[in-house]
Amino acid sequence: MNTTKSRELLQRAVQRIPGGVNSPVRAFRSVGGDPPFIARADGAYLYDEDGNRFIDYVGSWGPMILGHNHPEVREALARALGNGTSFGAPTRLEVEMAEFLCDRLPHLEMVRMVNSGTEATMSAIRVARGATGRDKIVKVACCYHGHGDSLLVEAGSGALTFGTPSSPGVPKGLAADTLVIPYNDAAALERVLDANEDQVACFIVEPLPGNVGTLLPKPGYLEAVRKLTRKHGVVLIFDEVMSGFRVAFGGMVEISGVVPDLVTYGKIIGGGLPVGAYGGRRELMKRVSPSGPIYQAGTLSGNPLAMTAGLSLLKILDRDRGAIYLRLDALTAKLGAGVKAAAEAAGVPLTVNRQGSMFTAFFAQGPVDDDASARTCDTARFGTYFRAMLEQGVYLAPSQFETGFMSAAHSEADVEATIQAAKRAFKKVKSEK
Ligand SMILES: *Cc1c(COP(=O)(O)O)cnc(C)c1O
């Protein structure tokens with residue numbers, strides 16, 4: 001594989017951008033090797049500066065559920081571009097987006113658009129704190145909710161990959177107000193809420209964690225969480241920035257039937273442009289400025305291009321709901337089973353977790369269902385596997401602790417080629433140890 005141009009660009013990048021990247025995991029630090037610089041993408045494929053083609057299972061970290069460069073989204077964007085790029089004033093598009101979301105998702109009575117998942121979770125937490133008058137929040141170790149100060153405590157892939165439980169620059173006082181419990185452990189939530197009665201504003205959780213690799217909730221966990229938060233007057237926030245519109249149109253709220261007080265969205269909701277959203281019960285959302293006192297704002301929030309991309313993608317997903325999610329599920333099941341069988345044949349312990357089109361192959365005996373079990377993964381083996389797959393034209397998330405994403409643009413042949421590549425990669429993994 002020729003990597004001349006990507007290597008040249010990386011050398012230039014590291015001079016002027018920290019680590020050469022604008023988001024850490026892109027730098028391949030945890031898997032070794034250098035990242036290809038991507039020039040364009042279409043359907044299921046990425047093409048780098050050197051002209052290499054990759055079957056893409058990152059999908060821009062989630063948004064590209066229908067594949068890259070979808071013609072309907074692209075054409076909607078081209079039309080919107082003719083009207084100008086930003087007005088800083090209310091638009092019809094924002095009304096349509098809010099109505100569309102609240103109409104399709106019964107748990108949303110009101111919604112506010114922002115520019116990223118990070119903004120969505122920061123803002124939802126502010127609403128919870130503002131509404132309850134309490135400062136403490138409870139989060140789950142290994143759940144990532146963006147890089148907001150209060151949330152950057154024991155947070156998912158970055159923490160596990162880089163071995164830093166939180167970041168320098170997060171004030172101790174803020175971290176002290178963030179109480180961390182394990183995933184899938186309702187008893188731990190009960191203990192922490194009992195011990196901090198009348199002090200906890202919210203419990204924020206990825207109902208289907210994806211930022212430690214894909215973890216599945218144990219039966220009854222989300223129901224128990226709902227019951228406990230209600231009992232203690234604690235706002236329940238589901239962070240569906242990754243799982244929303246991904247595992248089902250209505251995300252994990254639809255799948256579990258558990259209705260939180262607030263939900264955060266990102267990734268798919270922007271159709272590949274920078275968008276986030278938070279919303280939920282009217283009684284909470286009406287406290288947001290200017291209808292209420294809780295301040296939250298954004299110069300480019302509800303941007304017309306971003307709303308256009310997001311709304312056009314969401315409308316396709318809504319229209320073809322049955323077919324799209326079934327196809328994603330079948331393709332991803334096939335990939336998961338094929339990769340698992342290839343690992344078994346090579347004698348490599350592997351645990352594949354999957355919900356719909358979100359999946360992770362953990363290099364561990366398993367089961368992997370919380371922070372502690374994720375830590376048992378053989379990350380050196382993952383690195384070997386990752387590099388062998390990349391070399392064969394398969395672009396996986398460059399960390400053991402990330403989720404893979406299937407898109408509806410992937411073909412059976414793409415999946416079959418990926419399984420064949422995995423067979424060779426597992427042989428390499430086996431021979432290196
Ligand atoms: C990606 C992600 C975020 C952060 O979103 P950004 O747009 O990267 O700020 C927050 N929560 C979850 C669950 C995510 O997957």
Side-chain angles (χ1 to χ4, degrees), residues 21-27 57-65 112-126 128 137 139-161 167 178 180 183 202-217 222 236-247 251-253 255-256 260 262-280 296 298 300-301 303 306 309-310 313 353 355-360 371 374 397-399 401-405:
V21 292
N22 281 314
S23 196
V25 194
R26 295 180 198 167
Y57 291 103
V58 178
S60 189
W61 300 92
M64 299 303 164
I65 187 166
R112 171 60 70 80
M113 305 307 296
V114 293
N115 304 290
S116 67
T118 296
E119 274 185 68
T121 59
M122 279 167 42
S123 307
I125 282 173
R126 183 172 304 148
I137 65 171
K139 81 175 282 286
V140 164
C142 83
C143 279
Y144 176 70
H145 305 291
H147 62 94
D149 279 344
S150 291
L151 291 164
L152 209 54
V153 179
E154 295 191 36
S157 66
L160 282 173
T161 304
S167 167
T178 302
V180 183
Y183 185 65
C202 66
F203 175 51
I204 183 167
V205 62
E206 295 178 72
L208 181 85
N211 288 286
V212 60
T214 308
L215 304 184
L216 306 183
L222 296 174
L236 177 60
I237 306 173
F238 275 4
D239 181 355
E240 295 231 61
V241 169
M242 187 184 288
S243 53
F245 313 104
R246 166 57 71 175
V247 291
M252 281 302 285
V253 175
I255 287 179
S256 69
L262 295 174
V263 188
T264 55
Y265 295 102
K267 300 193 169 113
I268 290 177
I269 204 173
L273 271 77
V275 181
Y278 66 101
Q296 184 273 312
L300 292 175
S301 292
N303 171 272
L313 178 57
N353 284 359
Q355 174 77 49
S357 57
M358 284 172 61
F359 62 94
T360 299
D371 194 39
S399 162
F401 306 111
E402 295 289 357
T403 284
F405 300 101

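In each ligand, atom 1 is the first atom listed, and ligand 1 is the first ligand listed. Side-chain atoms are counted along with the backbone in the values below, which use heavy atoms only and exclude waters and symmetry mates. The first residue in the sequence is number 1, and the count goes up from there. Just so you know, these numbers come straight off a predicted model, no measurement behind them.
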Are [X] and [Y] packed together at the side-chain level, in the sense that at least one heavy-atom pair is separated by less than 4.5 angstrom?
{"X": "Phe238", "Y": "Leu222", "answer": "yes"}
{"X": "Trp61", "Y": "Glu402", "answer": "yes"}
{"X": "Leu208", "Y": "Pro217", "answer": "yes"}
{"X": "Val140", "Y": "Glu206", "answer": "no"}

Please state whether the rings of Phe359 and Tyr57 are parallel, tilted or perpendicular, taking 30° and 60° as the class boundaries.
perpendicular
Return yes if some donor-acceptor pair links the side-chain N/O of Thr118 with the main-chain N/O of Gly148 below 3.5 Å, else return no.
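Such a contact is absent between Thr118 side chain and Gly148 backbone.
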Within the protein, residues bringing a heavy atom under 4.0 Å of ligand 1, chain by chain
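Shell around ligand 1 (4.0 Å, heavy atoms): Ser116, Gly117, Thr118, Tyr144, His145, Gly146, Glu206, Asn211, Asp239, Val241, Met242, Lys267.
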